[in-house]
Amino acid sequence: MKILIIGGSGFLGTELVRRATAAGWETAATYCSRPDGIAGAAGVSGASWHRLDLRSPGHIDEVLAAVAPSAVIDSTSGGSDWAVTADGSIRVAMAATRRGCRLVHVSSDAVFSGSRIHYDETCLPDPVTPYGAAKAAAETAVRLLAPTAAVARTSLIIGRGGYGSDGSVHERLVHALAAGTHDGVLFTDDIRCPVHVEDLASALLELAVSDHGGMFHLAGADALSRHELGVLIARRDGIDAARLPAGRRADTPMPGALDVRLDSGATQERVRTRLRGAGEFLHVR
């Protein structure tokens, strides 16, 4: 198996690189702006690294020509930068299709407005933020350009904890809020279905070697507010959860969906990887 992980220097990408190399796959990965210490950041050796700017037309073709992968996982995230998140993903889909590569595209629950709360794999995007719009455009284009591709929506990604590379953005925020080094609150009315990075990466790699196409939801089994999630993270990491400030997103001008719960039921019937809920993977033994 020869795989290319686009966005390999990111949080999810790092776990994908770890697992692919551990499985003995010939692994290539991309970075955009952090050429130094990439292999160390990924915690592995044996992966080849390639600089890739998805905003540059033709750049992805050059990387694909150099790597010649049988499968591509696009795990990159440019936030609300349309040129990366939307246009870049479209370039990846076009290039992968031209070369006959298996494509797995990672999308987000940000494509939904929260108006119906529960969303299964058949639900159509109705984004309310620039990031959500970019992700929605990307996944729609991928499904058109690469009908056999797997498009995987996911939610808040949680890692192994702490400030280092094993901790996600949310975990680092919890530590910073508890330490008083960051201003802000954890919302009690902003609800998602967090997934562990190990489960997510395992499922994505499983899809990469399968012939399953279409839409997949790779989210955890438990729906939690960001504050409830923060409390679980704090308890796991030995932090006083009482130090975590709470607030309501509805009381702020911050745009975005409040309650978005990805239903992964149909996906779980098609993938072997069990998508644990946060109550399980953050359980303090």
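We count residues from 1, following the sequence as given.
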Stepwise side chain to side chain contact (heavy atoms under 4.5 Å, CB included) check, His170 with Val174: CA-CA 6 Å; His170 196 81; Val174 168; 4.1 Å; yes
Give the intermediate values and the outcome of side chain to side chain contact (heavy atoms under 4.5 Å, CB included) for residues His175 and His182. CA-CA 9 Å; His175 279 249; His182 185 88; over 6 Å; no
Given side chain to side chain contact (heavy atoms under 4.5 Å, CB included), test Val195 with Ile157 step by step and report yes or no. CA-CA 5 Å; Val195 64; Ile157 306 173; 4.3 Å; yes
For the pair Thr154 and Leu204, evaluate side chain to side chain contact (heavy atoms under 4.5 Å, CB included) and give the outcome as yes or no after the intermediate values. CA-CA 11 Å; Thr154 191; Leu204 290 170; over 6 Å; no
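At a threshold of 4.5 Å between non-hydrogen side-chain atoms, the residues Val197 and Phe11 count as touching. Two residues are said to be in side-chain contact when any heavy atoms from C-beta on lie closer than 4.5 Å; Leu282 and Leu229 meet this criterion. Contact check for Arg19 versus Ser202: side-chain heavy atoms found under the 4.5 Å cut-off. Using a 4.5 Å heavy-atom threshold, the side chains of His217 and Ser155 count as separate. Residues Leu177 and Pro245 are in side-chain contact: their nearest non-hydrogen atoms beyond the backbone lie under 4.5 Å apart.
Of all heavy-atom pairs spanning Ser225 and Thr188, the tightest one is CB-O, 3.4 Å. When every heavy atom of Cys101 is checked against every heavy atom of Pro69, the shortest pair comes out as SG-O, 3.4 Å. The nearest pair of heavy atoms linking Ser264 to Ala219 is OG-N, 3.2 Å. Residues Arg102 and Ser210 approach most closely at NE-O, 3.1 Å, considering heavy atoms. What you find for Ala110 and Pro127 is that their closest heavy atoms are O-CB, 4.1 Å. Pairing each heavy atom of Pro125 with each of Ala136, the nearest pair is CB-CB, 3.7 Å.
Annotation: the span from Asp263 atom CG to Cys193 atom SG amounts to 8.5 Å, rounded to 0.5 Å. Here Thr129 contributes atom OG1 and Lys135 contributes atom NZ; the two are 11.5 Å apart, rounded to the nearest 0.5 Å. We find the CD1-OG distance between Ile6 and Ser77 to be 13.5 Å, quoted to the nearest 0.5 Å. Atom CG of residue Asp74 and atom CG of residue Leu4 lie 9.0 Å apart, to the nearest 0.5 angstrom. Of the inter-residue distances, the one linking Arg226 atom CZ with Ile233 atom CD1 reads 10.5 Å to the nearest 0.5 angstrom. A distance of 4.5 Å separates CG of Leu52 from OG1 of Thr30, quoted to the nearest 0.5 Å.
Between the side chain of Asp109 and the backbone N or O of Val260, no donor-acceptor pair lies under 3.5 Å. Remark: the backbone N or O of Ser108 is not paired with any side-chain donor or acceptor of Arg153 at under 3.5 angstrom. A side-chain donor-acceptor contact under 3.5 Å links Arg192 to the backbone of Leu258. Asp126 places a side-chain N or O within donor-acceptor distance of the main-chain N or O of Ser113, the cut-off being under 3.5 Å. Within the 3.5 Å criterion, the main-chain N or O of Gly78 finds a donor-acceptor partner in the side chain of Thr85. With hydrogens and angles disregarded, no donor-acceptor distance shorter than 3.5 Å links the side chain of Asp237 to the backbone of Ile239. In this structure, Thr181 contributes its side chain and Ala176 its backbone to a donor-acceptor pair below 3.5 Å. Judged by distance alone, the side chain of Glu206 and the main-chain N or O of Thr273 form a donor-acceptor pair under 3.5 Å.
Residues meeting the ring-ring contact (aromatic ring centres under 6.0 Å, His included) test with Phe112, sequence neighbours left out: Tyr119. Every salt bridge (charged side-chain N to carboxylate O under 4.0 Å, His left out) that Glu26 has, sequence neighbours left out, goes to Lys2. Looking at residues two or more places apart in sequence or on another chain, you find a salt bridge (charged side-chain N to carboxylate O under 4.0 Å, His left out) between Asp199 and Arg276. Partners of Asp183 under the salt bridge (charged side-chain N to carboxylate O under 4.0 Å, His left out) rule, at least two apart in sequence or in another chain, do not exist in this structure. Residues passing the salt bridge (charged side-chain N to carboxylate O under 4.0 Å, His left out) test with Arg143, sequence neighbours excluded: none. Residues passing the side chain to side chain donor-acceptor pair (under 3.5 Å) test with Thr140: none are found, sequence neighbours excluded. Remark: Asp189 pairs with no residue by the side chain to side chain donor-acceptor pair (under 3.5 Å) rule, at least two apart or across chains. Listed by chain and number, the residues in a side chain to side chain donor-acceptor pair (under 3.5 Å) with Glu121 are Thr267 (sequence neighbours excluded).
Both Val104 and Val271 belong to a common hydrophobic cluster when Ile, Leu, Val, Met, Phe, Trp and Tyr are linked at side-chain heavy-atom distances under 4.5 angstrom. Hydrophobic cluster membership is shared by Leu173 and Leu156, with clusters built from Ile, Leu, Val, Met, Phe, Trp and Tyr side chains linked at under 4.5 angstrom. Residue Leu64 is not grouped with residue Trp25 when hydrophobic side chains (ILVMFWY) are merged at heavy-atom distances under 4.5 angstrom, including chains of intermediate members. Residue Val17 is not grouped with residue Val92 when hydrophobic side chains (ILVMFWY) are merged at heavy-atom distances under 4.5 angstrom, including chains of intermediate members. Connection of Val106 to Leu275 is established within a shared hydrophobic cluster, with ILVMFWY side chains joined at heavy-atom distances below 4.5 Å, either directly or through further cluster members.
Atom CE of Met215 is surrounded by more than 12 heavy atoms from other residues, nucleotides or ligands within 6.0 Å. When the shell of 6.0 Å around CZ of Arg270 is examined, it contains more than 12 heavy atoms from other residues, nucleotides or ligands.
A salt bridge (Lys or Arg N to Asp or Glu O under 4.0 Å) check over residues 238-261, counting only residues at least two apart or in different chains, returns the pairs Asp190-Arg249, Arg248-Asp251, Asp259-Arg261. The ring-ring contact (aromatic ring centres under 6.0 Å, His included) analysis of residues 192-215, with sequence neighbours excluded, yields the pairs His196-Phe281. Residue pairs meeting the salt bridge (Lys or Arg N to Asp or Glu O under 4.0 Å) criterion with at least one member in residues 81-94, sequence neighbours excluded, do not occur.
Met254 belongs to a hydrophobic cluster with Val185, Phe187, counting contacts under 4.5 Å between side-chain heavy atoms of Ile, Leu, Val, Met, Phe, Trp and Tyr, direct or through other members.
Note on Glu171 versus Arg236: salt bridge recorded, some NZ/NE/NH1/NH2 to OD/OE distance being below 4.0 Å. A salt bridge is defined here as a Lys NZ or Arg NE, NH1 or NH2 lying under 4.0 Å from an Asp or Glu carboxylate O, and Asp61 with Arg98 meets this definition. The pair Glu15-Arg160 meets the salt-bridge criterion, since a charged nitrogen lies less than 4.0 angstrom from a carboxylate oxygen.
His105 and Ser107 form no side-chain donor-acceptor contact under 3.5 Å, judged by distance and modelled atom types alone.
Exactly one of Leu16, Ile3, Thr27 qualifies for a side-chain contact (heavy atoms from CB on, under 4.5 Å) with Thr21. That residue is Thr27.
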